[in-house]
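One structure is given below, encoded as structure tokens.
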4 protein chains.
Amino acid sequence: MEINLIFAYFQWTAHYSLKRVQGTEMRRKQEKRSKILFAAIKVFAQKGFYNTKVADIAREAGVADGTIYLYFKNKDDILISIFEEKMDEILGLFKTRLKKAKNAREKLEIFFKTYFRLINDDQDLAEVFQVELRQSSKFLKDYHHQKFFDYLNIIGDIIKQGQSEKIFRQDLNPLIAKRIIFGAIDEVARQWILGAEREFSTDEACREVIKIIGKGLLQNRN
Amino acid sequence: MEINLIFAYFQWTAHYSLKRVQGTEMRRKQEKRSKILFAAIKVFAQKGFYNTKVADIAREAGVADGTIYLYFKNKDDILISIFEEKMDEILGLFKTRLKKAKNAREKLEIFFKTYFRLINDDQDLAEVFQVELRQSSKFLKDYHHQKFFDYLNIIGDIIKQGQSEKIFRQDLNPLIAKRIIFGAIDEVARQWILGAEREFSTDEACREVIKIIGKGLLQNRN
Amino acid sequence: MEINLIFAYFQWTAHYSLKRVQGTEMRRKQEKRSKILFAAIKVFAQKGFYNTKVADIAREAGVADGTIYLYFKNKDDILISIFEEKMDEILGLFKTRLKKAKNAREKLEIFFKTYFRLINDDQDLAEVFQVELRQSSKFLKDYHHQKFFDYLNIIGDIIKQGQSEKIFRQDLNPLIAKRIIFGAIDEVARQWILGAEREFSTDEACREVIKIIGKGLLQNRN
Amino acid sequence: MEINLIFAYFQWTAHYSLKRVQGTEMRRKQEKRSKILFAAIKVFAQKGFYNTKVADIAREAGVADGTIYLYFKNKDDILISIFEEKMDEILGLFKTRLKKAKNAREKLEIFFKTYFRLINDDQDLAEVFQVELRQSSKFLKDYHHQKFFDYLNIIGDIIKQGQSEKIFRQDLNPLIAKRIIFGAIDEVARQWILGAEREFSTDEACREVIKIIGKGLLQNRN
DNA sequence: GATGAATGAGCCTTCATTCAT
DNA sequence: AATGAATGAAGGCTCATTCAT
């Protein structure tokens, strides 16, 4: 509930915060950029990056084809921008939410809850992140996402903190462990998104992850 | 070592098993088909499905462009065939290997070991599975991966068996748990494959997975 | 020196002469029109007509893209206007300068000197004339360069005058001869303009032309 | 008459000479390439380079659009190839024809005759050379034609030879003189090509050039 | 069966021109 | 009058697929 409010607020600010002080025309420009980005997310989610025509995005956004190129260098740039800009929002949200936790175990739980809340609240975006950003060597090999590493390191840092707090096992390799965790939630989310019939809710998924991963990380005595 | 032998054998049989009884010309036909499939795996792994030209596959396979269409309906069909045929091999291998285990815990461990052995031994194939098939649910609308479900259900069955053997927690939802496990190993494998510098070995990865997931599934008292 | 002054005067008048009697706002309008024309000459000279974007001209002129269309019908119209208006200036200059000559031979020499002086003093304009207008007969199907014929006929008239003065050979075909002369000076000018390293001065070029063409036209006895 | 025969022979050899020893399929490949080049010359001559669509060339050549790209890198490459390949033929023809001359004066005359014969016999090609190759900064500035310099130097060499034979004036600057001559014949040719109504024949043009330029170069005493 | 030259539908991108402000 | 964001038609080029040899 609370998260919902935060998320709504965060969505609202996302479009405006950076430019709040600037004039109306600047705001309008940002609005159109956001409109295109939003349309692109929707269409990429539906058809996939390579099966999406720039004209599809334009139609969805309600602008002319050429207008896209006033805001983005090319089609690839749209996908990269989705990643960069949305990742900024997401990283910000995680940072804010994790501040409240008093130890690594709580942090892990908040992390999972925030993650599945995000997935639940913006499925198109989630799908683009889950599916489209994976598919092209452009984005996986050639293009190095500092922001993706930042994101992964949120998990890594929680693990390390948990180890120094003697809550998590000392023999874990955080490098591999963070991938295990990321992969686990990522795949569950993907299944939730792509699965035709919803076999489980994001809340159930979250609880399941906490059960398995949470327990898997703990010291034997706990 | 032992696994390697098994794997080598299995690779050899893969090309011939289905058609073993047929004549020489049929065998030659299979050889060319395999050559193309093998080339496709390599090129898809390098460049991704959409950035691979049919001509690239032809060149890699050492055949003419047109020849490909004597063995495959179209470019999509190559990807599907990779999946179908390799999945048959993989499913067969898992089945053989898992027979030896006496309980779910052992099965899980064998599953992980076999998985990372496969990844280690055929990286190109692994990459195609990891990256390129992610998008297939988009572009191959009609195509449903029964074999992928079979594969996933190997994990699901191990979980259920572990629950009935009272080794694994009773409150696990096998539907979600199998995704968690699949996602975890999948992501670790992806990182191992795509990461420029090898930060860990497949053996380390395997041990780490067993530590976290293995423990995460167990009953509290164990 | 003297010519320089004349040329400077002529440049100044070019912008105002036609509209000298009109009010200030009209003059301001002319100024902007000239600014655009001047910018267009510069950019056309640098990049060629087809490789020049209207936006390039606008930027060079320091006006908005749309402003150009307040002064010119379209991109073609800019090129035509350059030709028309600059040709008026040039024709006027030739007329003024040629008045002083007492015979065809002197006229020819003054013509050459004036020509190379113009080339020397406004290289951008020269380049547009040299290179870009070459193609105009293609793309401006309807447009006939009356002024170019006027210009050519200055040469033709000098030849005819020289023939009736018995200075030039009687067997010359003025129609062809004027093309020969125009082509000769045009090409020398082009080389001077486009050649990376200046291999000769316009003065040298002028003297060389007078030597060859001048002598070539003369009666045998002279 | 004689020239016509030579020219016809030379046209025939142009397509085959280089590949004469190779197999039929190579010859067929050359034929198609020539067909496209020939079509391009025709269409460029009619509409100009920038107003010609690749599809226009394809239609004229009777091939599909894509076929063009099997033989040429891109549209620019077609124009460059026209220049390069035709220039080879032309240079070869000049070399052959000029061998027969016994002094510079005769050489000059043969040069002019050959030139106007070429113009007369392949008007489309002449137009492309005259007009299209001039219009783009691509071809005039960025692209350096060694072959064009070779061509110009044929004239330059004749001038130098004439000077050492004491036939031509000693005070000529060959650098400028060759441009004067090239420009003169070039412009006459262009007028002959572009002029709607043929005001003169190429033979007349040739005679006129010999009269003016020929005489202009001679020593005073001759 | 094998070839690879040929095809042509399709799409990204550019840019001259318009028009609301 | 001036602006410049928006438009959308147009075209160069790619590449999966075909088919004559």
Side-chain angles (χ1 to χ4, degrees), chain A residues 24-25 28-29 32-33 36 50-59 61-78, chain B residues 25-26 28-29 32-33 36 50-59 61-78, chain C residues 25-26 28-29 32-33 36 50-59 61-78, chain D residues 24-25 28-29 32-33 36 50-59 61-78:
Chain A
T24 323
E25 74 291 347
R28 216 174 284 132
K29 186 155 188 178
K32 185 154 287 186
R33 188 188 159 87
I36 294 170
Y50 284 104
N51 293 310
T52 295
K53 284 165 248 173
V54 172
D56 293 336
I57 301 171
R59 195 183 320 107
V63 300
D65 294 16
T67 306
I68 306 252
Y69 291 86
L70 297 175
Y71 296 91
F72 301 94
K73 217 162 66 262
N74 51 37
K75 195 183 163 191
D76 282 359
D77 188 36
I78 300 174
Chain B
E25 75 291 347
M26 220 44 179
R28 216 176 280 130
K29 183 156 186 178
K32 189 156 281 184
R33 188 187 160 88
I36 294 169
Y50 282 105
N51 293 311
T52 295
K53 294 166 214 162
V54 172
D56 293 336
I57 300 171
R59 196 185 319 109
V63 300
D65 295 16
T67 305
I68 296 203
Y69 290 85
L70 298 174
Y71 295 92
F72 300 94
K73 210 160 74 263
N74 52 34
K75 194 183 166 189
D76 286 359
D77 187 37
I78 300 174
Chain C
E25 74 293 343
M26 218 45 178
R28 217 178 280 132
K29 183 156 184 178
K32 187 156 284 187
R33 188 187 159 88
I36 294 169
Y50 281 105
N51 293 311
T52 295
K53 295 166 214 165
V54 173
D56 293 336
I57 301 171
R59 196 185 322 108
V63 301
D65 295 15
T67 305
I68 296 204
Y69 290 85
L70 298 174
Y71 296 92
F72 301 93
K73 211 160 74 263
N74 52 35
K75 195 183 165 189
D76 287 358
D77 188 36
I78 301 174
Chain D
T24 324
E25 76 290 346
R28 215 174 282 130
K29 187 154 189 180
K32 187 155 284 184
R33 190 188 157 88
I36 294 169
Y50 283 103
N51 292 311
T52 295
K53 284 166 249 171
V54 173
D56 294 336
I57 301 171
R59 195 181 322 106
V63 299
D65 294 17
T67 305
I68 305 252
Y69 292 87
L70 296 175
Y71 295 91
F72 301 94
K73 217 161 66 266
N74 51 36
K75 194 183 163 191
D76 284 359
D77 188 36
I78 302 175

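Numbers restart at 1 for each chain; the letters A, B, ... are given by sequence-line order, proteins then strands. The figures that follow rest on heavy atoms only: side chains count, while hydrogens, waters and symmetry mates do not.
The phosphate of F:dA6 has OP1 or OP2 within less than 4.0 Å of a side-chain N or O from A:K32. Within the 4.0 Å cut-off from OP1 or OP2 of E:dC19, not a single side-chain nitrogen or oxygen of C:Y69 is found. OP1 or OP2 of E:dC15 has not a single side-chain nitrogen or oxygen of C:Y50 nearer than 4.0 Å. Contact check, B:Y71 against E:dA2: a side-chain N or O comes under 4.0 Å of OP1 or OP2.
Nearest nucleotide to the side chain of D:K53, out of F:dG11, E:dG1, E:dC11: F:dG11. Side-chain atoms of B:A64 lie closest to E:dT3 of the nucleotides E:dT3, E:dA6, F:dG8. Listed nucleotides: E:dA6, E:dA2, F:dT17. Nearest to the side chain of B:N74: F:dT17. The side chain of B:V54 approaches F:dA16 more closely than any other nucleotide in the set E:dA6, F:dA2, F:dA16.
Across the interface with DNA chain E, nearest-nucleotide mapping of B:G66 and D:G66 shows B:G66 to be the residue nearer the 5′ end. Each of C:A55 and A:T52 was matched to the nucleotide of DNA chain E holding its nearest heavy atom; the match closer to the 5' end belongs to A:T52.
With a cut-off of 3.5 Å on both pairing distances, the Watson-Crick and G-U wobble pairs of DNA chain F assemble into stems of 3 or more at E:2-21 with F:2-21.
Atom NZ of C:K75 and atom C1' of E:dT17 are 12 Å apart (whole Å). For the pair D:I78 CD1 and F:dG12 C1', the computed distance is 11 Å after rounding to whole Å. E:dG1 atom P lies 17 Å from atom CG of B:D65, rounded to whole Å. What separates CG of B:D76 from P of F:dC15 is a distance of 16 Å, to the nearest Å.
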